[in-house]
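Computed from a predicted model, the values in this text were never measured in an experiment. Per chain, numbering begins at 1; letters A, B, ... match sequence-line order. In what follows, every heavy atom counts, from backbone to side chain, and hydrogens, waters and symmetry copies are set aside.
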2 protein chains.
Amino acid sequence: MLQKKSAVLVDGVILNGPIMDSKAGEKFVEEACKIIMEEVIQKADDVTEKVCEWQAPEKLKQILDLEMRDAGECHQKILQLCRDVIKYSVKTSRNGILSTVALHADLDRIMFTKYTYEVSPVFLLVEEAVIKKMIEFVGWEEGDGIFNPGGSVSNMYAMNLARYKFCPEIKEKGLSGLPRLVLFASEECHYSMKKAASFLGIGTENVYFIKTDERGKMIPEELEKQVQRARKEGSAPFLVCATAGTTVLGAFDPLDKIADICENHGLWLHVDASWGGSALISGKHRRLLHGIHRADSVAWNPHKMLLAGIQCCALLVKDNSGLLKKCYSAEAAYLFQQDKFYDVSYDTGDKSIQCSRRPDAFKFWLMWKALGTTGLEERVNRALALARYLVEEIKKREGFQLLLEPEYANVCFWYIPPSLRKMEDGPEFWQKLHQVAPIIKERMMKKGSMMLGYQPHWGKVNFFRQVVINPQASREDMDFLLDEIELLAKDL
Amino acid sequence: MLQKKSAVLVDGVILNGPIMDSKAGEKFVEEACKIIMEEVIQKADDVTEKVCEWQAPEKLKQILDLEMRDAGECHQKILQLCRDVIKYSVKTSRNGILSTVALHADLDRIMFTKYTYEVSPVFLLVEEAVIKKMIEFVGWEEGDGIFNPGGSVSNMYAMNLARYKFCPEIKEKGLSGLPRLVLFASEECHYSMKKAASFLGIGTENVYFIKTDERGKMIPEELEKQVQRARKEGSAPFLVCATAGTTVLGAFDPLDKIADICENHGLWLHVDASWGGSALISGKHRRLLHGIHRADSVAWNPHKMLLAGIQCCALLVKDNSGLLKKCYSAEAAYLFQQDKFYDVSYDTGDKSIQCSRRPDAFKFWLMWKALGTTGLEERVNRALALARYLVEEIKKREGFQLLLEPEYANVCFWYIPPSLRKMEDGPEFWQKLHQVAPIIKERMMKKGSMMLGYQPHWGKVNFFRQVVINPQASREDMDFLLDEIELLAKDL
């Protein structure tokens, strides 16, 4: 079939040109800034303005249109939502916080704290609504959750929660004198697992790394073996951390089979879907996470593929009996008084290891309102179609070599420059190839033409890894990427 | 002396009216937004724009005027700095991140990641410069540090670091089988100490709370006793967490005496100066933290009194031998390659428990550039003078009663409504008074006139706590606060 240059269709997605109207986007930002200037900054000194327009939680839920729907709303509706958010939020200007010099020009800094309903009425309801919606996509009937400053922190929360479930006494008594706790994660898991094990006093040696197959997926039989090994050693296995979308290869662990093993052994199943979780939004791609509804907890970062803006990371928990709060509470009398005049179950701050938190859920909520589930799904589908296009182009071009057929948006490949193409495969070839990516990277950085990461990985020499997520990126950008590598490396 | 209503002078500070020109502030925000719109948002789709204007670290330091000085710079200079920051930063638009719908209208989101120099050249240098300057104010000759998502997290970092210093093997082996680790903090310390002890696997029972005096300061003799008790029990004391500026009372622990005890017993001294640290900027008030230079680590949140905007929290560490990195590193091969073409000691991401971090130091840096050390000092002095004014007014007015003479900006007081003023002191009086603050709070929230916290504390019934930090607040606002309480409670 002859493809016209002007309409490249991959997986049902047209990949030419950007999908967003950037002029409309600019206009929206301008109008939103205007609202912030008028409603927040200019009114900051106005003593006749109310500190807040108080509403009880249930009433405020009715006033705000919190629900996230399939279809997106128009810009005018979104701007009205921004006005409502400002109206029903606490104005920290009167309360001592707003400082124009520090450039507080974004909506989510109007009210800086998020731990009790009285200081963050809107943002706590928004967080609740967003978590509920994310839980729906995970496939649980109910659950709990909290937004955190990063997927690494979400993974730590989950590890501590699993430990608390395993032995609640640890909260008070600590680990001293207990048998060695052991957890399992794939060799390809994110390095935050090691950081978490070290931070939580479990120790990095007590993370048992499970072998992966050639695509980077955890091998369930190997997990079974390691759990049994841990039991034989007399240690205490308590947690399996599966990964949905590994950092380097974009691999998805077989969640359903892993869930079987966890069930048999009574282990908590945490899924680090920080990167891969967004595929849940896509009817076409959510099969990558088949079995995720059986997890006990899930880390999912909408700031990655869905572009909700750093930081926007949720930890979702299947338990709905208050485990999260029981595990984390310190019951500070100065914040979480029980004699308040509203339903204090909305004071969610005690679920957190932080005190003040940024209202990170808000960005995602506003974006979801604007794009609708359909718009978010399009982002995922388009990103994966672009990755597919890139893979096919790499296969066609001389000198480019795929590391492996990707499942997700991570496209890993080597560029073999002209001087190495006739060389025999062997240690010398790979040693020379190892030096190629750093040189190309240096040249592209100094030229400023693009930015592309490289890394070695488990004995594989330095290769490039392109992760495509920008909804403004097009087929032409993918072509440019490959052309530019050829150009930068033609003398190598 | 007769005071004119138009010039109330307390501690050498004139407290009438705001100190900032809010019109100039608004104009600045408008111009900064314009730069962001033109240089970031509108250029996001321009494929002729460079991804970055690469400069090696030492060269970039020369180009950017990083130094924070005594005098502030004019708005035009600050706007030029903003342009430079954009120019030398990586544009994530081409790299796949910028999303206008998510309202990325603030400077510090242009480049979202902060873990390697290549992705965040400007922000890593800015963080380094800010930490260096903060260390200077602590009084160390050198040191290390990192910005964190909150003071609670900074305290956790310090606790883990002290533990690592005490026994580096814990990083790999964990706490299992080790003697019970014990740390010490005052009864008035922040609740994050308990959260940290629980999260880190130490256990909340192994935080030994030290008695405080009537002003809320840790009693050194009690600390000595508790350290000896822990030793006798066969446990392993490793850390003292002193507080500089407690949450409720604003008390400062006697750091110098505590440092003596730490030195004698070989204990790490951490100072939680999240709230009180900003007094270090003031020549007049830094004596509150006398002895802080003897600490091993300090948590200090410029987002509190200095109003750098949530979140802006540093952990500072006296050690300059790489302890922070040794303690936290996981050496992820995909990020921290050693074959890069620049000095990789600038890749500070491995010091963190997070992966991507928000560039929180930037706000504080820009603010410091704009206000100068002198301007920051004025903020502190003014806040404390306003607190002093409020205290004196409380003493003058009928029905108001101070809880204690404050050292810092926390003014704690009861309001005794007309019906209770003639009552005899006794359990019934206090029980009735306990119910007063919640009623006044409910009324002020529903009216929207102001927002003021209350809490019970160590057997003291509910009292109000006003913390004055807004540089726009004036003597008139303090008068309004007291008038309004009288008005809201006149029928009680």
Which bit of [X] is near chain A, if near means a heavy-atom gap under 4.5 Å: side chain, backbone, both or neither?
{"X": "B:Glu30", "result": "both"}
{"X": "B:Lys446", "result": "both"}
{"X": "B:Met445", "result": "both"}
{"X": "B:Leu178", "result": "backbone"}
{"X": "B:Lys447", "result": "backbone"}

Where do [X] and [Y] come nearest, in terms of heavy atoms and distance?
{"X": "B:Pro179", "Y": "A:Ser176", "answer": "C-OG, 3.6 Å"}
{"X": "A:Glu26", "Y": "B:Met37", "answer": "O-CE, 3.3 Å"}
{"X": "B:Lys195", "Y": "A:Ile353", "answer": "CD-CA, 4.1 Å"}

When the 4.5 angstrom heavy-atom criterion is applied to A:Tyr164 and chain B, the contacting part is neither

Relative to chain A, which of [options] shows the most heavy atom pairs under 4.5 Å?
{"options": "B:Ala24, B:Ser352, B:Ser329", "answer": "B:Ser352"}
{"options": "B:Glu205, B:Gln455, B:His434", "answer": "B:Glu205"}
{"options": "B:Gln435, B:Glu53, B:Arg163, B:Met444", "answer": "B:Arg163"}
{"options": "B:Asn148, B:Asn160, B:Leu181", "answer": "B:Asn160"}
{"options": "B:Asn155, B:Ile439, B:Thr247", "answer": "B:Thr247"}

Kindly compute the distance separating CD1 (B:Ile202) from NZ (A:Lys173), expressed to the nearest 0.5 Å.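 One gets 15.5 Å once the value is rounded to the nearest 0.5 Å.
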
One should read off an interatomic distance between A:Ile170 CD1 and B:Phe199 CZ, to the nearest 0.5 angstrom, of 13.5 Å

Heaviest contributor of heavy-atom pairs below 4.5 Å to chain B, chosen from A:Lys441, A:Gln55, A:Lys194, is A:Lys441

Given A:Gly453, A:Cys327, A:Ser198, A:Cys312, the one with more heavy-atom pairs under 4.5 angstrom with chain B than any other is A:Ser198

query = Does a side-chain heavy-atom distance below 4.5 Å link A:Asp339 with B:Asn462?
reply =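 Sidechains of B:Asn462 and A:Asp339: in contact.
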
(Q) Would you say that A:Gln311 contacts B:Gln311 through its side chain, given a criterion of any heavy-atom pair below 4.5 Å between the two side chains? (A)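 Of all side-chain heavy-atom pairs linking B:Gln311 with A:Gln311, at least one is under 4.5 Å.
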
Heavy-atom count around B:Glu169 CD within 6.0 Å, excluding the residue itself: above 12?
->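 No - once you tally the heavy atoms of other residues, nucleotides and ligands closer than 6.0 Å, there are 12 at most.
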
Legend entry - N/O donor-acceptor pair under 3.5 Å between A:Gln354 side chain and B:Pro149 backbone: yes

Across all chains, not counting sequence neighbours, the salt bridge (Lys or Arg N to Asp or Glu O under 4.0 Å) partners of B:Arg180 are B:Glu233

